[in-house]
Chemist: 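Please see the structure below; I have some questions.
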Amino acid sequence: MTLVAERPVVAHEEHHEEHRSGILYWLTSTDHKVIGKNYLYTSVFFFLVGGLMAMFIRVQLFSPNNTFVSQDTFNQLFTMHGTIMLLLFAGPFAFAGFANYIVPLQVGAPDMAFPRLNALSYWLFLSGGLIMLSSFLVAGGAADFGWTAYAPLSNSLYTPGAGADLWIVSLFLTGFSAIFSGINLVVTTYGLRAPGMTMFRMPIFTWNMLVTAILILIAFPVFTSALVMLYFDRHFHTHIFETNGGGVPILWQHLFWFFGHPEVYILALPYFGIVSEVIPVFARKPIFGYKGIVFATLAIAGLSTGVWAHHMFTTGAVLLPFFSGMTMLIAVPTGIKFFAWIGTMWRGSIVFSTPMLFAVGFLVVFLAGGLSGIILAAPPLDFYTNNSYFVIAHFHEVLMGTAVFGGFCGWYFWYPKFTGRMFNERLGWAHFWVMFFGFWFQTVPQYLVGLHGMPRRIAIYQASDGFTTLNRISSVGAWLVGFSFVIFLVNMWVSWRRPVPAGGNPWDGYSLEWATTSPPSHHNFERIPPIRSERPVWDMNHADIEDIQPHGSHGSQGSHK
């Protein structure tokens, strides 16, 4: 295939940020790459904090009749652990961190559409997170009603004190941060694509981020409004969720889960996108079923807004057959994605570098979590396992399969692009295997202890309950996962102290971010290659190879190894 001449990028007249550095630059920068790294580092910090809380929880549950922490402290720990991991780590790490850094590069844009709004989004996120952590310092401690904040448990009668109010204010700020990020990503994706970058030539990662942004604009305003109502109930006695004033407590569940179930896919879809970028690169093949993946992503987004009440089967207030059927139906587009990922690897020249290891680990873990989700979609089985540790195991399996394995997959894949350095491959392998085995030791006993009747959110159990051995195995697994994070930090330190230059494209990647330097310059590109498929960098670097044609290009069919 003949390539047309590369298109030069028209740079701004003056790049006043090009050579700036230091704390003032960090505080005032509107560069999407700086903001993206800020999100990544900040969310990793919150991941460390939430992980330490998990370690304390597992110490408490290691032995029967344990008094390591009090019941009240335990309630605060699991409330804050869940909130931090979901809303301060898993979502911002991918949707705000990776998306901010990678999406403008992948569409050939010099920055996000609204750079100042982008900076405001980060500072709202950081402020909200710090406010949430500060709640441990107030009288009465942090919020202790669980991360779902069910009414009436979360009202001022049952949860007095400033800790709950700080929880509400924190999520109000981070909610607006997500909404602003969603607006920015939608406008950037639609309005700043490079010439030739049609919608069906965009990388799958960018597609997933676009769909995630739309879901955020649907779900987060509902949640933010519900938080305002809860705050008004607590302080102005509006009785929206309180029966003594004519309110309806279950309305909170409807509002929360109308946000909460799309939120599951707001968390998952970005990591689906990461894996869809990594697998083709390390299988040395184009993504199998590109359009199928795109339409499956759109189907997941649509269905996810209609299945919120499957979290409410035991309330007796929802139509069980409808929501059960919708829950099972959402497995179909997810299955299409799995077939596409497996089809991409089939007969490929697979290279098991660390990013590919985490991608395969993601597939295994998320599949197991999804299968247990089908069990919970059946009302009779859900009635039996509801409020048990079986649900905890399912939730951790799905969330760890996406945010942790998918997140580290993306981190190791794009780390050379962020820093211009390579990481230590042996330490990356050690990180993966310790985390992988620790994960199974953690979650499988939780399934079993849940089936044996152990309730969730329990701080103390008796030796006669028969939960001790399984809890100890689960605790050891959780500590192994925690130790794997130490290996990750050591790897980053080694990379920093003993830098190995990465070059512009160490993985022979396909999409536009690999067409620029590592790390990119302030304005991202000096020249953008012509875009005639969803793999423009492959087209540029391998013009002499008669290749399997991606769906978006034209030419003869061939093969390569």
Side-chain angles (χ1 to χ4, degrees), residues 82 86 146-151 211-212 214-215 218-219 222-223 226 248-269 271-272 292 295-339 363 365-402 443-444 446-457:
L86 286 171
W147 68 273
T148 54
Y150 280 172
V211 175
T212 302
I214 294 171
L215 275 179
I218 293 171
V222 175
F223 182 49
V248 183
I250 202 171
L251 175 61
W252 170 264
Q253 292 193 41
H254 282 290
L255 294 173
F256 181 88
W257 288 118
F258 189 82
F259 149 81
H261 198 75
E263 169 68 6
V264 171
Y265 290 97
I266 289 168
L267 300 180
L269 288 178
Y271 299 103
F272 288 0
F295 287 119
T297 302
L298 294 171
I300 287 173
L303 290 170
S304 71
T305 60
V307 297
W308 79 91
H310 77 198
H311 296 274
M312 301 169 59
F313 282 173
T314 57
T315 63
V318 299
L319 184 61
L320 297 180
F322 173 81
F323 287 105
S324 177
M326 289 286 286
T327 303
M328 293 184 182
L329 185 61
I330 205 169
V332 175
T334 307
I336 290 172
K337 286 178 174 283
F338 267 87
F339 277 111
L363 298 185
V365 171
F366 188 80
L367 178 62
L371 291 175
S372 63
I374 295 175
I375 294 173
L376 295 173
L381 298 176
D382 183 77
F383 293 161
Y384 179 75
T385 58
N386 181 68
N387 207 33
S388 76
Y389 249 80
F390 188 93
V391 177
I392 295 291
H394 161 73
F395 201 64
H396 279 84
E397 205 156 43
V398 171
L399 262 295
M400 288 193 72
T402 53
T443 54
V444 172
Q446 291 178 355
Y447 279 119
L448 297 176
V449 78
L451 293 176
H452 283 83
M454 181 173 172
R456 63 195 298 190
R457 301 176 176 177

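Note that the structure is a prediction, hence the values are computed from the model and not measured.
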Chemist: Side chain to side chain donor-acceptor pair (under 3.5 Å) with Trp252: which residues, sequence neighbours excluded?
Modeler: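 Residues passing side chain to side chain donor-acceptor pair (under 3.5 Å) with Trp252: none at all.
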Chemist: Does any pair with a residue in residues 260-269 pass side chain to side chain donor-acceptor pair (under 3.5 Å), and if so which ones, sequence neighbours excluded?
Modeler: His261-His310, His261-His311
Chemist: List the residues meeting side chain to side chain donor-acceptor pair (under 3.5 Å) with Tyr384, not counting sequence neighbours, and say none if there are none.
Modeler: none
Chemist: If I take atom CZ from residue Arg456 and atom CD1 from residue Ile392, how far apart are they, to the nearest 0.5 angstrom?
Modeler: 4.0 Å
Chemist: If you round to the nearest 0.5 Å, how far is OG1 of Thr315 from CH2 of Trp257?
Modeler: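 OG1 of Thr315 is found 12.0 Å from CH2 of Trp257.
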Chemist: In the structure I gave you, are the side-chain heavy atoms of Phe395 and Leu86 within less than 4.5 Å of one another anywhere?
Modeler: yes
Chemist: Kindly write out the residues that satisfy side chain to side chain donor-acceptor pair (under 3.5 Å) with Gln253, not counting sequence neighbours, or none if the list is empty.
Modeler: none
Chemist: Check the pair His254, Met312 against side-chain contact (heavy atoms from CB on, under 4.5 Å), reporting the backbone distance first and the verdict last.
Modeler: CA-CA 8 Å; His254 282 290; Met312 301 169 59; 3.5 Å; yes
Chemist: Evaluate the criterion side-chain contact (heavy atoms from CB on, under 4.5 Å) for residue pair Ile218 and Ile214; output intermediate values, then yes/no.
Modeler: CA-CA 6 Å; Ile218 293 171; Ile214 294 171; 4.2 Å; yes
Chemist: Show your working on side-chain contact (heavy atoms from CB on, under 4.5 Å) between Leu215 and Thr305 and close with a plain yes or no.
Modeler: CA-CA 8 Å; Leu215 275 179; Thr305 60; 3.9 Å; yes
Chemist: Looking at CD1 of Ile374 and CD1 of Ile330, how far apart are the two atoms once the value is rounded to the nearest 0.5 Å?
Modeler: 11.5 Å
Chemist: Could you pull out the closest heavy-atom pair between Ala309 and Val318, with the gap in Å?
Modeler: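 Minimum heavy-atom separation between Ala309 and Val318: CB-CG1, 3.5 Å.
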Chemist: Start with the C-alpha distance between Val398 and Phe366, add both sets of side-chain angles, then the distance that settles side-chain contact (heavy atoms from CB on, under 4.5 Å), and finish with yes or no.
Modeler: CA-CA 5 Å; Val398 171; Phe366 188 80; 3.8 Å; yes
Chemist: Check whether any side-chain N or O of Thr443 sits under 3.5 Å from a backbone N or O of Ala393 as a donor-acceptor pair, and report yes or no.
Modeler: no
Chemist: Counting the benzene-type ring for Trp, do Phe259 and Trp308 have ring centres under 6.0 Å apart?
Modeler: no
Chemist: Without swapping roles, check the side chain of Ser324 against the backbone of Pro321 for a donor-acceptor pair under 3.5 Å.
Modeler: no
Chemist: I want to check something: taking the side chain as every heavy atom from C-beta on, are Leu451 and Ser388 in contact at a cut-off of under 4.5 Å?
Modeler: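 They are not in side-chain contact.
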Chemist: Which atom pair, heavy atoms only, marks the closest approach of Val211 to Leu298?
Modeler: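 Looks like CG2-CD2, 3.7 Å.
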Chemist: If you define the side chain from C-beta out and look only at heavy atoms, does anything of His394 sit under 4.5 Å from Ile375?
Modeler: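 The answer is no; the side chains never approach within 4.5 Å.
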Chemist: Please report the shortest heavy-atom distance between Leu320 and Phe313, naming the atom on each side.
Modeler: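 In this case the closest contact between Leu320 and Phe313 is CD2-CD2, 3.5 Å.
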Chemist: Rounded at 0.5 Å granularity, tell me how far CG in Leu319 sits from CE in Met326.
Modeler: 11.5 Å
Chemist: Considering residues, nucleotides and ligands other than Phe338, do more than 12 of their heavy atoms fall under 6.0 Å from its CZ?
Modeler: yes
Chemist: Could you grab the distance from atom OG1 of Thr334 to atom CD1 of Ile300, nearest 0.5 Å is fine?
Modeler: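 Thr334 OG1 to Ile300 CD1: 3.5 Å, rounded to 0.5 Å.
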Chemist: Residues two or more places apart in sequence or in another chain: which of them pass ring-ring contact (aromatic ring centres under 6.0 Å, His included) with Phe390?
Modeler: Tyr447
Chemist: Under the rule for side chain to side chain donor-acceptor pair (under 3.5 Å), what residues qualify as partners of Trp147, not counting sequence neighbours?
Modeler: none
Chemist: Could you give the distance from CZ (Phe272) to CG (Leu267), rounded to the nearest 0.5 Å?
Modeler: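 These two atoms lie 10.5 Å from each other.
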